[in-house]
Engineer: 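Got a structure for you, written out below as structure tokens; questions coming shortly.
Keep in mind it's a predicted model, so treat the numbers as computed, not measured. Start at 1 and go down the list; that is how both ligands and their atoms are numbered.
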Amino acid sequence: MEHPLAFVDSELQDLRSKGLWRWPRLLEGAQSAVARYDGRDLINLASNNYLGLANHPALKAAALEAIATTGVGSGAVRTIAGNMAIHQELEAELAAFKHTEAALLFQSGFTANAGTVAALLGREDVVVSDELNHASIIDGCRLSGADKKVFPHGNVGAARHMLAECRGARRVLLITDGVFSMDGDIAPLRGLVEAAEEFGAIMMVDDAHASGVLGRHGRGTVDHFDLHGRVHIQVGTLSKAFAGLGGYVAGSRNLVDLLMHRARPLLFSTSHPPSVAASALAGVRLVQQNPELISRLWENAWYFKEGLRVSGFDIGTSETPITPVIVGDELRALQLSDRLFEEGVFAVGIVYPTVPRGRARVRTIVTAEHTREHLDRALEAFVRAARAVGVA
Ligand SMILES: *Cc1c(COP(=O)(O)O)cnc(C)c1O
């Protein structure tokens, strides 16, 4: 009889034969603008450490202090015995940061999205969702059992049309990423909010890549478009600009109170170690007190984008520090990334299923920590590597 896992071997063989098998490169030492991967010091354009906080002394000190005073683990799920003072302190800070009544911590941005959508919707309901929304939103929709209507990326007209078709549904959720993680474009949030209001839909935005990046003090897309009070549910992450781990929902007090009783990741998975919450809290405070971090991030982003554009690269519709270099062919995208590595630059090839087939790319993210010299060297490396592998 065939081994029950024989399909694993053949699927792997398939990846290998197509040249698509990769083990992630090994990071030694801290996440930083120049970091050591697979034994080489590289200009790092691959991390979400937008503000360079991953190794920041203030965040490290906060984590150590929390360990010294409250230990390394919460010991239980939030709703049983694992609700710690530092969790609530962080939530109060996040609510103030987002200008909402309340906020609720999740273990990750992924569980915040999936857990929230699944808690609020059921089979009688409909989700109207951008086609490029994050996998955690898609999984939340699946878990909820709600009917799903997917509109073409960023197309407010199509979203309105779908909302108009939902009149029989019990609840309707209109949901979008704020900043799209593989293209770096910003959702047309104002148009979507107006559509949601017209049809009485719940409006939810996943600001994982916008929090700490976009809007005043990095408050996200709701602030960027001045839509305070008009988006019912904002999701953010503590894992990107805030450089730690965790997600959160910001919204009304009642929304948070209900999610505490219904969101399955909170009911069935252990809460944050206090050190993780404490470093996130220090990060959120630091970003608000040091606006130059975000200005530096954006100066670097515009500089690098312009450099790529001038060199003739296809950077799609990016308007944030996430800049894809779109190659199309999957193998070629991976080869470009490999060649960049040889040139001393770390930027990862992104292929199906993370992006649609035929839209493979090398994704770059500059951070506040990069210097002009890093960026110039990276731009030169892109030109050389692209020539070597026959891109652009
Ligand atoms: C990264 C990301 C998430 C998941 O956040 P984690 O905190 O890493 O789980 C959710 N949504 C979007 C749009 C993301 O880019």
Engineer: Would you verify whether the NZ or CZ of R372 falls within 45 degrees of the ring axis of Y303 while also being under 6.0 Å from that six-membered ring's centre?
Structural biologist: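 Yes, a cation-pi geometry holds between R372 and Y303.
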Engineer: Which residues pass the ring pair (Phe, Tyr, Trp, His ring centres under 6.0 Å) test with F346, sequence neighbours left out?
Structural biologist: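 Expected list: Y37.
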Engineer: Which protein residues come within less than 4.0 angstrom of ligand 1, counting heavy atoms only?
Structural biologist: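 Ligand 1 is contacted, at a heavy-atom distance under 4.0 Å, by S108, G109, F110, N113, H134, S136, D177, S181, D206, A208, H209, T237, S239, K240, G246.
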Engineer: Scan side-chain atoms only and decide if D177 and H134 contain a donor-acceptor pair under the 3.5 Å cut-off.
Structural biologist: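 Result is no, nothing qualifies.
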Engineer: Under the side-chain contact (heavy atoms from CB on, under 4.5 Å) criterion, do T221 and Q234 qualify, and how do the steps go?
Structural biologist: CA-CA 9 Å; T221 49; Q234 298 181 57; over 6 Å; no
Engineer: Starting from the C-alpha separation in whole Å, work towards a yes-or-no answer on salt bridge (charged side-chain N to carboxylate O under 4.0 Å, His left out) for R339 and E342.
Structural biologist: CA-CA 5 Å; R339 186 65 193 219; E342 299 304 318; over 6 Å; no
Engineer: Working note: R332 + D338, criterion salt bridge (charged side-chain N to carboxylate O under 4.0 Å, His left out); need CA distance, chi angles, decisive distance, verdict.
Structural biologist: CA-CA 10 Å; R332 180 112 357 128; D338 288 346; over 6 Å; no
